[in-house]
A.B. asks: 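My structure is below; once you've seen it, I'll send some questions.
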Amino acid sequence: MRLEEGVSLSKLTTIGTGGAARAFARPATLAELEAALAWAAQRDVTVETVGLGSNLLAADGGVDALVLRLTGELAAVHVEGDLLRAGGGATNAVCLHHARAAGLGGFEFACAIPGTAGGGVRMNAGAYGTDWSEIVVRARVVTTAGGGWLSTDDLGLSYRHSDLPGNAVVAEVEYQLMPRPPEQIKATVGGLIAQRKATQPTNKRTFGSVFKNPDHELGAGRMLEACGLKGHTIGGAMISPMHANFIENAGGATTADALTLIAEARRRAREQFGVELEHEVRLLGAIAVT
Ligand SMILES: Cc1cc2nc3c(=O)[nH]c(=O)nc-3n(C[C@H](O)[C@H](O)[C@H](O)COP(=O)(O)OP(=O)(O)OC[C@H]3O[C@@H](n4cnc5c(N)ncnc54)[C@H](O)[C@@H]3O)c2cc1C
């Protein structure tokens with residue numbers, strides 16, 4: 001396994017911003033992953049794993065960490081009976097493809113979530129009233145201190161949250177699915193994707209929902225729309241004119257632009273609704289939401 005230097009996070013995130021990683025590696029086997037973690041432990045270097053970078057904002061000045069992206073065996077998918085076993089780096093699209101081909105349903109809700117199995121566990125990603133906690137049986141989690149299988153309870157999954165420590169790498173995930181005719185899966189997925197395209201900026205560079213939905217009658221998007229923020233732009237970052245809980249890279253955006261926009265949105269929601277919005281997007285490097 002090769003360690004690369006100077007790899008820009010702007011190429012590893014869907015929003016397309018961020019500076020270089022101190023080191024970058026693409027482990028393809030469990031042994032390579034363990035070797036990468038040992039390299040980091042020996043040098044006291046932080047480890048960060050990225051999936052498709054679809055929920056990430058990385059510091060413009062770079063990230064002082066070993067950044068991993070799982071490939072090869074660690075991104076492979078196998079079906080065994082009603083179980084779908086996915087490497088942590090397997091994309092949701094590939095998992096859904098295998099599930100449908102095997103006539104297994106239950107993963108359709110993830111059709112418009114452009115991430116990986118590992119990112120889904122970390123975020124307890126979800127849509128349409130279902131989330132990862134409902135289909136994950138267990139996940140193989142590896143840290144510099146060793147690894148093992150964790151049950152759904154041990155993963156501590158709740159709304160867009162897991163209890164995984166920061167340096168933990170989800171190397172493999174087992175999903176419990178159920179028999180369903182492929183044509184039924186295809187029809188459901190087609191409907192969900194059409195619904196997405198009608199309501200969210202799916203063809204723009206974004207990092208998905210900026211904020212978690214608050215405990216309020218309005219979701220974050222409707223709240224920010226009511227604050228008049230649709231289309232509000234700072235530098236190259238713009239609150240989506242289509243859905244106010246998305247930030248688009250409208251051209252040349254930096255992470256600093258997006259963070260300034262996030263701060264402005266939080267300020268307006270606090271002033272107008274007395275609500276403290278909590279960001280859903282994950283931050284990499286020495287940056288913070290204010
Ligand atoms: C257009 C669009 C639509 C979206 N819609 C939804 C939606 O409906 N519902 C939803 O929940 N999310 C949605 N998202 C957000 C995002 O796709 C999900 O959070 C997804 O699960 C992130 O997966 P990822 O692999 O890209 O993770 P990344 O964005 O790369 O990383 C997210 C977090 O997971 C960690 N991580 C990634 N891989 C691993 C691993 N193998 N082991 C340990 N930690 C890991 C990262 O360190 C980071 O903390 C959307 C994003 C976009 C761009």
Side-chain angles (χ1 to χ4, degrees), residues 9 11-16 18 21 26-27 30 33 36-37 46-58 63 65-71 74-75 86-95 107-134 136 139-143 147 150 155 157-173 192-193 195-197 199-213 219-221 240 242-243 245-249 279-285:
L9 269 301
K11 298 208 166 28
L12 299 172
T13 55
T14 51
I15 186 79
R26 301 170 194 265
L30 208 50
L33 172 59
L37 293 175
T46 306
V47 175
E48 301 281 2
T49 310
V50 300
L52 289 187
S54 60
N55 200 30
L56 278 181
L57 262 180
V63 175
L66 168 62
V67 175
L68 302 177
R69 184 176 231 180
L70 309 184
T71 59
L74 299 178
T91 65
N92 299 335
V94 168
C95 290
F107 200 67
E108 295 89 324
F109 77 91
C111 64
I113 305 179
T116 61
V121 170
R122 162 80 64 190
M123 298 306 302
N124 188 23
Y128 314 110
T130 309
D131 62 26
W132 250 240
S133 71
E134 293 176 45
V136 171
R140 188 201 290 268
V141 176
V142 187
T143 69
L150 295 185
L155 291 166
L157 303 179
S158 58
Y159 176 53
R160 302 299 171 267
H161 170 88
S162 68
D163 286 343
L164 286 173
N167 66 349
V169 183
V170 176
E172 197 176 348
V173 184
L192 294 176
I193 289 188
Q195 198 178 320
R196 271 297 166 115
K197 283 187 177 159
T199 54
Q200 295 184 7
T202 52
N203 59 349
K204 305 285 183 197
R205 303 201 73 166
T206 73
F207 44 77
S209 297
V210 180
F211 297 107
K212 296 182 182 182
N213 279 321
S240 170
M242 193 174 196
H243 191 306
N245 199 23
F246 285 75
I247 288 176
E248 297 177 9
N249 183 344
H279 63 97
E280 180 172 325
V281 59
R282 304 278 301 193
L283 307 179
L284 270 193

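One-based numbering, in listed order, for ligands and for the atoms of each.
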A.B. asks: Do you know which of E108, R196, Q195 makes side-chain hydrogen bond (donor to acceptor under 3.5 Å, both in side chains) with Y128?
C.D. replies: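 The residue from E108, R196, Q195 that satisfies side-chain hydrogen bond (donor to acceptor under 3.5 Å, both in side chains) with Y128 turns out to be R196.
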
A.B. asks: Output, in order, the C-alpha distance, side-chain angles, deciding distance and verdict of side-chain contact (heavy atoms from CB on, under 4.5 Å) for D131 and R160.
C.D. replies: CA-CA 9 Å; D131 62 26; R160 302 299 171 267; 4.2 Å; yes

A.B. asks: Given P27, which of L74, V142, T49 fulfils the side chain to side chain contact (heavy atoms under 4.5 Å, CB included) condition?
C.D. replies: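 Testing each of L74, V142, T49 against P27, the sole residue satisfying side chain to side chain contact (heavy atoms under 4.5 Å, CB included) is L74.
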
A.B. asks: Give the C-alpha distance, both sets of side-chain angles, the deciding distance and a yes or no for side-chain contact (heavy atoms from CB on, under 4.5 Å) between L284 and V50.
C.D. replies: CA-CA 10 Å; L284 270 193; V50 300; 4.0 Å; yes

A.B. asks: Sort out the contact shell of ligand 1: every protein residue with a heavy-atom distance below 4.0 Å, listed by chain and number.
C.D. replies: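 Close residues (ligand 1, cut-off 4.0 Å): T49, V50, G51, L52, G53, S54, N55, L56, L70, A112, I113, P114, G115, T116, G118, G119, G120, R122, M123, A125, G126, A127, R160, A168, V169, V170, R196, T206, F207, G208, R282.
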
A.B. asks: Pick one: which of I15, L56, V63 meets side chain to side chain contact (heavy atoms under 4.5 Å, CB included) with L9?
C.D. replies: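 Single side chain to side chain contact (heavy atoms under 4.5 Å, CB included) partner of L9 among I15, L56, V63: V63.
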
A.B. asks: I need the K204 NZ to M242 CE distance, nearest 0.5 Å.
C.D. replies: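 Between atom NZ of K204 and atom CE of M242 there are 9.5 Å.
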
